[in-house]
S.K.: 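Please find one structure pasted underneath; my questions will follow.
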Amino acid sequence: MTMSQNSTKDFILPKFLLDILIDVVIVIILVVVIRLFLFAPFQVHGQSMCNTFNDYEGECLSGDGEYVLTSRLSTWDLADWSPTSIQRGDVIIFKAPYSTSGEFYIKRVIGLPGESVKIEDGLVSVMNEEGVYIELDEPYLTEENQGNTQPHRTSSQVFTVSEGSFFVLGDNRTKSNDSRRCFQQTGCSTETSPYLMNGFIEGEVKMVIFPFNHIRWVDTFDYSV
């Protein structure tokens, strides 16, 4: 009788631990799947997207700041199909081109594949199907940045976005290493490109999730030209 009771206890204990282990494995798999294919959090660093992000009581934070949640649905590639697509005005997270540190950038999409973007007199315009440049209305820019988008080292510049790529700018135009500078502080060179290839994109920013008093949806804009 004693041996039978011990045998029952020995059987129940491993089963209990196995159940816990299975639950843990399932949770880990779900988290990995969600982060790889659905949603992923990132922390915003620096001032390049102020005051859209990292605005703390009127001050633009230069270090680590808000946490944002990104949707990865537009990064799916199922026989050239994805549930959603990246549009002008979307804020995206992407791996920094030409960087060996593995850092991520956050910028706003301005030019879509095949489009021409012109920066002149501090303004940003996109050519429409009739071949006419249409000035973008950019309500997300601060007063300091309104009418103050300058090309790098020139007074005027036209960018023709290559297929499978995007032209992106930071909302804080005076302090952003973006497509104008080929994502580098030193600017463009013969070995760099101002266009962000689709494969670098990690997802579209949908909401701010931390700090809790900053929680909000990220505004979207209709930018047909």
S.K.: Which residues satisfy the salt bridge (charged side-chain N to carboxylate O under 4.0 Å, His left out) test with Glu115, sequence neighbours excluded?
M.R.: Arg88
S.K.: Using a strict cut-off of less than 4.0 Å between a Lys/Arg side-chain nitrogen and an Asp/Glu carboxylate oxygen, indicate whether Glu66 and Arg216 qualify as a salt bridge.
M.R.: yes
S.K.: For Gln47 and Asn54: C-alpha separation, side-chain torsions, deciding distance, then whether side chain to side chain contact (heavy atoms under 4.5 Å, CB included) applies.
M.R.: CA-CA 7 Å; Gln47 300 181 329; Asn54 275 8; over 6 Å; no
S.K.: Is there a path of hydrophobic side-chain contacts, each under 4.5 Å between heavy atoms, that joins Val25 and Val31?
M.R.: no
S.K.: Using side-chain heavy atoms (C-beta onward) and a distance below 4.5 Å, is Leu136 in contact with Val126?
M.R.: yes
S.K.: Heavy-atom count around Phe37 CZ within 6.0 Å, excluding the residue itself: above 12?
M.R.: no
S.K.: Does either side chain, that of Arg180 or that of His152, offer a donor lying less than 3.5 Å from an acceptor on the other one?
M.R.: no
S.K.: Between the side chains of Ser165 and Glu163, is a donor N or O closer than 3.5 angstrom to an acceptor N or O?
M.R.: no
S.K.: For the side chain of Asp178 and the backbone of Phe183, is there at least one donor-acceptor N/O pair under 3.5 Å apart?
M.R.: no
S.K.: Side chains of Phe94 and Phe104, heavy atoms from C-beta outward: is any pair under 4.5 Å?
M.R.: no
S.K.: Are side-chain N/O atoms of Asp171 and Thr52 paired as donor and acceptor at under 3.5 Å?
M.R.: yes
S.K.: Is the distance from the ring center of Tyr195 to that of Phe166 below 6.0 Å?
M.R.: no
S.K.: Using the six-membered ring wherever Trp is involved, compare the ring planes of His214 and Tyr56 and label them parallel, tilted or perpendicular (cut-offs 30° and 60°).
M.R.: tilted
S.K.: Please assess Asn148 against Arg173 for the test side chain to side chain contact (heavy atoms under 4.5 Å, CB included), listing each intermediate value before the final yes or no.
M.R.: CA-CA 7 Å; Asn148 195 22; Arg173 300 290 161 80; 5.9 Å; no
S.K.: Under a 4.5 Å side-chain heavy-atom rule over Ile, Leu, Val, Met, Phe, Trp and Tyr, are Ile110 and Phe159 clustered together?
M.R.: yes
S.K.: Write down the atom of Gly164, the atom of Pro113, and the distance for their closest heavy-atom approach.
M.R.: N-CB, 3.8 Å
S.K.: Assigning hydrophobic clusters by single linkage (Ile, Leu, Val, Met, Phe, Trp, Tyr; side-chain heavy-atom cutoff under 4.5 Å), is Leu73 placed with Val32?
M.R.: yes
S.K.: Decide whether Glu204 and Ser71 meet the rule of one side-chain donor and one side-chain acceptor closer than 3.5 Å.
M.R.: no
S.K.: Quick one: list whatever passes side-chain hydrogen bond (donor to acceptor under 3.5 Å, both in side chains) with Glu103, sequence neighbours left out.
M.R.: Ser99
S.K.: Taking the side chain as every heavy atom from C-beta outward, state whether Ser193 and Tyr98 have any pair of such atoms under 4.5 Å apart.
M.R.: yes
S.K.: Which distance, rounded to the nearest 0.5 Å, do you find between the CG of Leu69 and the CH2 of Trp217?
M.R.: 8.0 Å
S.K.: Closest heavy-atom contact between Pro97 and Leu196?
M.R.: CG-CD1, 3.9 Å
S.K.: Begin with the C-alpha distance, continue with both residues' side-chain angles, and end with the deciding distance and a verdict on side chain to side chain contact (heavy atoms under 4.5 Å, CB included) for Lys107 and Ser176.
M.R.: CA-CA 9 Å; Lys107 309 293 179 186; Ser176 177; 2.9 Å; yes
S.K.: Strictly below 4.0 Å, N to O, side chains only: are Arg35 and Glu202 in salt-bridge contact?
M.R.: no
S.K.: Indicate yes or no for a side-chain donor-acceptor contact from Tyr133 to the backbone of Ser116 under 3.5 Å, with no hydrogens or angles considered.
M.R.: no
S.K.: Atom CG of Asn145 and atom CG of Leu169: how far apart are they, to the nearest 0.5 Å?
M.R.: 10.5 Å
S.K.: Looking only at side-chain N and O atoms, does Thr70 offer a donor or acceptor that is under 3.5 Å from a partner on Lys206?
M.R.: no
S.K.: Hey, what do you get for CD (Gln157) to CD1 (Ile119), rounding to the nearest 0.5 Å?
M.R.: 7.0 Å
S.K.: Judged by atom type as modelled, is there a donor-acceptor pair below 3.5 Å linking the side chain of Ser179 to the main-chain atoms of Val168?
M.R.: yes
S.K.: Taking side-chain contact (heavy atoms from CB on, under 4.5 Å) as the criterion, tell me which of Leu30, Ile29, Val24 meets it with Ile26.
M.R.: Leu30
S.K.: Report yes or no: do Ser48 and Lys175 form a side-chain donor-acceptor pair below 3.5 Å?
M.R.: no
S.K.: Roughly how far, to the nearest 0.5 Å, is the OG atom of Ser74 from the CG atom of Asn198?
M.R.: 7.5 Å
S.K.: Does atom CE of Met197 have more than 12 heavy-atom neighbours from other groups under 6.0 Å away?
M.R.: no
S.K.: Check whether any side-chain heavy atom of Glu138 lies under 4.5 Å from a side-chain heavy atom of Val124, and answer yes or no.
M.R.: yes
S.K.: Using 0.5 Å steps for rounding, measure from the CD1 atom of Ile134 to the CD atom of Glu130.
M.R.: 8.0 Å
S.K.: Check each of Ile106, Thr75, Val109 against Ile92 using the side-chain contact (heavy atoms from CB on, under 4.5 Å) test, and report the only one that passes.
M.R.: Val109
S.K.: Could you check whether any side-chain N or O of Asn128 sits under 3.5 Å from a backbone N or O of Val132, counting only pairs where one atom can act as donor and the other as acceptor?
M.R.: yes
S.K.: Look at the side-chain heavy atoms of Ile, Leu, Val, Met, Phe, Trp and Tyr, link any pair under 4.5 Å apart, and say whether Phe167 and Phe221 land in one connected group.
M.R.: yes
S.K.: Hey, is CD on Gln146 packed in by over 12 heavy atoms from elsewhere, all under 6.0 Å?
M.R.: yes
S.K.: Is the charged tip of Lys95 near the ring of Phe200: under 6.0 Å from the six-membered ring centre and within 45° of its axis?
M.R.: no
S.K.: Would you say that Val68 contacts Val218 through its side chain, given a criterion of any heavy-atom pair below 4.5 Å between the two side chains?
M.R.: no
S.K.: Compare all side-chain heavy atoms of Val117 with those of Val158 and state whether any distance is below 4.5 angstrom.
M.R.: no
S.K.: Measure the spacing between CD of Glu120 and CD of Gln150 and express it to the nearest 0.5 Å.
M.R.: 11.0 Å
S.K.: For Thr100, what residues pass the side-chain hydrogen bond (donor to acceptor under 3.5 Å, both in side chains) criterion, not counting sequence neighbours?
M.R.: none
S.K.: Can you get from Val44 to Val91 by hopping between Ile, Leu, Val, Met, Phe, Trp and Tyr side chains that sit under 4.5 Å apart?
M.R.: yes
S.K.: Angle class for the Phe210/Tyr67 ring planes (parallel below 30°, perpendicular above 60°, tilted otherwise)?
M.R.: perpendicular
S.K.: Should the pair Arg72 and Phe39 be classed as cation-pi, given the thresholds of under 6.0 Å to the six-membered ring centre and 45° from the axis?
M.R.: no
S.K.: If only atom types and distance count, is the side chain of Arg108 paired as donor or acceptor with the main-chain N or O of Gly89 below 3.5 Å?
M.R.: yes
S.K.: Is there a side chain to side chain contact (heavy atoms under 4.5 Å, CB included) between Trp76 and Thr84 once you walk through the steps?
M.R.: CA-CA 9 Å; Trp76 290 18; Thr84 62; over 6 Å; no
